[in-house]
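A note on names: the letters A, B, ... follow the listed sequences, proteins ahead of strands, and every chain is numbered from 1.
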Amino acid sequence: MDNVYDYAKTEKRLLEYWRKEKIYKFNPNSEKPIYSVDTPPPTVSGAMHIGHSASYTQQDVIVRYKKLRGFEIFYPFGTDDNGLPTERLIEKLKNVKAVKMDRQKFIELCLSTLKEIRPDFVNDWKKIGMSCDFDVFYSTIDEHCRRVSQRSFIELYEAGREYRKKAPTVWCPVCETAIAQVELEDKELESQFNDIVFKTEDGKDLIISTTRPELIPSIVAMFAHPDDDRYKGLFGKKAKAPLFDIWVPILPDEKAEPEKGTGIVMCCTFGDQTDIEWYKQHKLPLRISITKDGKMTDLAGKYKGMEIKEARKVIIEDLEKEGLLKGIKKIKHPVNVHDKCGTEVEILETEQWFIKYLDLKKEFLKSGKEMKWRPKHMRNRYDNWIKGLKWDWCISRQRFFGVPFPVWYCKNCSEVILADKKSLPVEPLKDKPPVKICAKCRCREFIPEKDVFDTWATSSLTPKIAAELFKNHKIFKKLYPMSMRPNAHDIITFWLFNTVVKSRMHDKVNPWKDIMISGWVLDPHGKKMSKSKGNTIAPQDILEKYGADVLRFWATNTKLGEDVRFREEDLLRGRKVLVKLWNASRFVNTFKTEGKTKKEHVTDLWIKSKLSKVIAKATKSLDEYEYSSAKKVIIDFFFRDFCDFYLEMVKYRLYSNDKASKNSAINTLREVLFDVLILLAPYTPYITDELYLILFSYKKSIHLEQWPISKKIRVSAEVRKTKYEEIGDLLVKVVEKIRKWKTDNKIGLGNEVEELTLSGVKELSNLKGEIKGIMKINKLNLKTSPKLKIN
RNA sequence: GGGCGCAUGGUCUAGUUGGUUAUGACGUCGCCCUUACAAGGCGAAGGUCCCCAGUUCGAAUCUGGGUGCGCCCACCA
């Protein structure tokens, strides 16, 4: 064995060895119980980030543990690589603009670029030691996923769960697509209240306060609170908007808050959610003054064609010129922006596809209760989200690189023509509809749907996508619903919730039994990492500098669900552990066993009993997904009990002439080390396998071994009488005492002591020789006074 | 505004069901090249466990209230 552990060489070699030996291969014909994992498919974004490396390690530790526990592991790997994020990535990498390109060419460019970058991207996950079967692979844009996704659409349409409707929709004017409620983000923006003069029928001034004067051309009504004395007399009358000569009714509604602004508000189609509610409730007309690309429409008259913000500025200037602007108040207020691009969203009336699910809120909440959440409190986020849902799920996107809707429309009567399920996946822009003639109106011409699915419409199907990679229906039933879904807390409302929705709708089941929610990696000050702030850490650099085991050791420091601050110093602990493991193993490896143990020694029994308790605790913790507390127990044992004490306690025996005692020590060293390596294998899979292959090598890999069982130590009644557990603990205390005494007296620990008197350890009179051997004392006197003391 | 979480030596952190002296790491200081390990070993100093009140023989831990920080949601005239 080398004196120093070369992590770089070893990790590279083992990664290849595992692949070649198919250590993590899923065997669908296995008789073992299956543990199936709905692995999160990372969004292809160029490179794995530090948050990925942490959360994927956390889940991998659990999966590796389950494998050692004897489960057949179904742990697929996929990449999420369609939709807006991918379009943005490709636009950046290839310096193109999707809107300005031929659609088909852009799609081809996306596909070819993905093919280029995907292997390197996935490779990072392999390097950190993920125990996935990387042959069970999918990409959310590949043929298989398109088929599953389109079939899901058709089935839900047939089940009456989907509808297409022209309705107010949240719209991003930069990405020029509809987006879903979940894609909204808050952003605190500088703005101003503009006090604008409207005129009543009898020519009086009516001041309203608005942040969005450019929406005046969209005004359809004015509202005040029914009890607001200032405006009570005006209800039912009309008012005229400035600059545009639009007359609108003044109406009462309780949603108008007297304290806000001047207490009277203009209702425009559409400024916000309330406008939509008023529009529906009061059956107001529709006046759209903003185009899909964020410009003013014809309705805006002389402002037509201006950008929204430009129009706002010019309108304010014009109002001022006409003396219709009574005041300006600077404010900061939260605005909904698109999470992908930060643009302030608009609400436009467009034709979109929706999944109807607001009626199923109760059922979704029930599902949430049925699944086991770790940590438990994360379910609150799921519940809160469902309770706050206001929109049906808009699944259509006016984009290019995504799974197409398997739909055509009759040119004459707009009848929906669905693709034939057998011919999926289809691409309506290229493929012909399955019928030649519209059954409803006999028309022979059809219009293909151009829209693509929201990415979550596809990724919400990952449990089925993965399980259906196997054609055999029997195995599908064993894999789905899955045992466990790991995901970070930020996508509970996206991916997790949407997956529940699909599973409930399709199969009336929950997609998984357990949910494991991991936290985020923050910068050293506890702030979110982001490229724009320049505070990101590249896991690739850590892999290079410290190796995967150290990265993994660090990633499992904090409790499940907690955010971790990244500080490079914290990596050092992991490196220490590797060095210690290597050196302790190297030491153990220098001794060869000479057959079975004949008579067990007190200290040997003591360490085994400690180990047994550690195994029990670690097992219990890991069953609850508490990888960090399990690790702590194991590492504490390894460092303190095994290295600091046991190794030192047996040295004098290892170098003695008492063969039985020596052999018992060697056997115990090997037994305990063997178990320790397995206990740590989920955390540091590389070094533990390397040491296993050097010292034990019973199987092809430590990862094919069995998790140790917390065994009762079998000893004769006579031995039990020796109370080896208590005696061992006492011996540890004595060793500590003598060490301190030696240090205090500036005597090297290796130096012999001529004579020493210990008091208060009558129980150890049988172990006098032991203490002398361990602590290198020539003459030891034991006294019986009450306190453990050195005289 | 609603919900959830967090608060422990200079720094980061453990502490599942209340029980002697509160865990470990980094940093600091002292000693030691002891036949696995100097990327080490041994030892030391350093804490009103955020505040207040309560329950209890006993609270870092349980209950109530407060403060600070973070996250999610709502608000967006």
Side-chain angles (χ1 to χ4, degrees), chain A residues 1 3-5 181 184 186-189 191 193-194 208-212 215 222-224 255-257 260-268 271-275 278 331 333-336 344 375 377-385 387-390 489-490 492-493 519-520 522 524 526-528 557-559 561-565 567-570 572-576 578-590 617 620-621 624 626 628-629 631-633 635-636 639-640 643-644 647-648 651 654-655 735-736 738-752 776:
Chain A
M1 270 176 93
N3 282 353
V4 179
Y5 174 59
Q181 186 180 344
L184 296 177
D186 280 359
K187 202 165 155 186
E188 192 76 20
L189 287 180
S191 183
F193 267 123
N194 305 287
I208 68 123
S209 228
T210 180
T211 54
R212 301 206 56 188
L215 285 177
M222 298 182 77
F223 285 99
K255 282 198 277 289
E257 292 172 40
K260 262 192 190 171
T262 56
I264 187 159
V265 55
M266 62 176 191
C267 168
C268 307
D272 62 20
Q273 175 75 27
T274 320
D275 287 342
W278 279 329
I331 54 156
H333 71 158
V335 178
N336 274 332
E344 292 169 59
H377 69 257
M378 287 293 178
R379 205 188 91 210
N380 289 318
R381 299 203 182 191
Y382 172 90
D383 287 358
N384 276 349
W385 175 254
K387 287 174 191 160
L389 271 179
K390 282 193 177 140
H489 56 53
D490 54 325
I492 289 175
T493 54
W520 273 17
L522 306 172
K527 298 275 172 239
K528 242 188 200 178
N557 274 347
T558 35
K559 275 196 295 189
E562 299 275 284
D563 294 343
V564 205
R565 297 186 192 193
R567 301 186 314 155
E568 188 161 355
E569 309 92 274
D570 294 339
L572 299 177
R573 176 68 177 160
R575 189 165 67 177
K576 260 185 159 177
L578 298 199
V579 170
K580 199 79 171 172
L581 265 175
W582 186 259
N583 286 322
S585 302
R586 208 155 51 89
F587 177 67
V588 172
N589 195 35
T590 53
K617 275 189 193 162
K620 198 180 161 206
S621 293
E624 287 298 317
E626 285 168 15
S628 59
S629 43
K631 188 181 82 175
K632 188 177 155 42
V633 173
I635 288 295
D636 282 354
F639 264 75
R640 196 183 140 76
C643 292
D644 291 353
L647 280 187
E648 298 302 328
K651 270 182 186 168
L654 292 169
Y655 298 113
V735 168
E736 276 184 313
I738 300 175
R739 275 178 184 166
K740 183 167 158 44
W741 177 82
K742 278 190 165 183
T743 303
D744 287 350
N745 290 282
K746 310 204 169 171
I747 301 166
L749 289 175
N751 295 357
E752 290 193 356
K776 306 198 173 168

Mind checking the [atom1] distance from [N] to [M]? Whole angstroms is fine.
N      : M      : atom1 : value
G3(B)  : G9(B)  : P     : 30 Å
A25(B) : A36(B) : C1'   : 22 Å
U16(B) : C26(B) : C1'   : 27 Å
A22(B) : A45(B) : P     : 12 Å
G5(B)  : A77(B) : C1'   : 34 Å
G47(B) : U67(B) : P     : 29 Å
A59(B) : A39(B) : P     : 47 Å
C51(B) : A44(B) : C1'   : 32 Å

Can you tell me the base-pairing partner of [N]? Count Watson-Crick or G-U wobble geometry only, both distances below 3.5 Å, and say none if there is no partner.
N      : result
A74(B) : none
G64(B) : C52(B)
G30(B) : C42(B)
G18(B) : none
C69(B) : G5(B)

Could you tell me how far apart [X] ([atom1]) and [N] ([atom2]) are, to the nearest whole angstrom?
X         : N      : atom1 : atom2 : result
Trp582(A) : G40(B) : CH2   : P     : 17 Å
Asn745(A) : A44(B) : CG    : P     : 14 Å
Lys617(A) : A14(B) : NZ    : P     : 17 Å
Glu568(A) : C12(B) : CD    : C1'   : 15 Å
Met266(A) : A77(B) : CE    : C1'   : 8 Å
Asp744(A) : A44(B) : CG    : P     : 8 Å
Asp490(A) : C72(B) : CG    : C1'   : 11 Å
Lys742(A) : G41(B) : NZ    : P     : 18 Å

message: Please check this pair: side chain of Lys390(A) against backbone of Gln181(A), looking for a donor-acceptor N/O pair closer than 3.5 Å.
response: no
- prompt: Do side-chain atoms of Asp275(A) reach the backbone of Gly271(A) as a donor and acceptor pair under 3.5 angstrom?
  reply: yes
query: At under 4.0 Å between heavy atoms, what does Arg565(A) touch on the DNA or RNA strands: base, sugar-phosphate, or nothing?
result: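 Sugar-phosphate, no base atom in range.
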- prompt: When all nucleic acid strands are considered with a 4.0 Å heavy-atom cut-off, which category describes Arg575(A): base, sugar-phosphate, or nothing?
  reply: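 The answer is base, as Arg575(A) lies within the cut-off (heavy atoms under 4.0 Å) of a base atom.
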message: Working note: Arg586(A) + Asn3(A), criterion side-chain contact (heavy atoms from CB on, under 4.5 Å); need CA distance, chi angles, decisive distance, verdict.
response: CA-CA 8 Å; Arg586(A) 208 155 51 89; Asn3(A) 282 353; 2.9 Å; yes
message: Looking at Arg739(A) and Glu736(A), is any side-chain nitrogen of the basic one under 4.0 Å from a carboxylate oxygen of the acidic one?
response: no
task: Specify whether Trp278(A) and Phe223(A) have parallel, tilted or perpendicular ring planes, treating 30° as the upper limit for parallel and 60° as the lower limit for perpendicular.
output: parallel
Contacts of type salt bridge (Lys or Arg N to Asp or Glu O under 4.0 Å), residue [X], not counting sequence neighbours:
X         : result
Lys187(A) : none
Glu752(A) : none
Lys559(A) : none
Lys617(A) : none

message: Here's a test of your reading of the structure: between Trp278(A) and Pro524(A), which maps to the more 5' nucleotide of RNA chain B?
response: Pro524(A)
task: Using the test ring-ring contact (aromatic ring centres under 6.0 Å, His included), find all partners of Phe193(A) that sit at least two apart in sequence or belong to another chain.
output: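 ring-ring contact (aromatic ring centres under 6.0 Å, His included) list for Phe193(A), sorted by chain: empty.
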Who pairs with [X] by side chain to side chain contact (heavy atoms under 4.5 Å, CB included), at least two apart in sequence or on another chain?
X         : result
Lys632(A) : Asp636(A)
Asp744(A) : Lys740(A)
Lys260(A) : Glu257(A)

Can you give me the N/O atom pairs linking the protein to nucleotides 6-9 of chain B at distances under 3.5 Å, or say none if there are none?
none

- prompt: Are OP1 or OP2 of A77(B) and a side-chain N or O of Thr211(A) less than 4.0 angstrom apart?
  reply: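 For A77(B), OP1/OP2 do have a side-chain N/O of Thr211(A) under 4.0 Å.
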message: Taking 4.0 Å as the cut-off, does a side-chain nitrogen or oxygen of His489(A) come that near to OP1 or OP2 on C4(B)?
response: no
message: Holding to side chain to side chain donor-acceptor pair (under 3.5 Å), I want the full list of residues that pass it with Lys527(A), two or more places apart in sequence or in another chain.
response: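 Partners of Lys527(A) under the side chain to side chain donor-acceptor pair (under 3.5 Å) test: none.
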Footprint string (nucleotides 21-36 of chain B, 5' to 3'): B base within contact, S backbone only, - free, heavy atoms under 4.0 Å: --S-SS---B---BBB
Can you check nucleotides 73-75 of chain B for protein contacts, nitrogen or oxygen pairs under 3.5 Å, and list what you find?
unit_1 : atom_1 : unit_2    : atom_2 : d
A74(B) : OP1    : Gln181(A) : NE2    : 3.4
C75(B) : OP1    : Lys390(A) : NZ     : 3.2
C75(B) : N4     : Asp186(A) : OD2    : 2.7

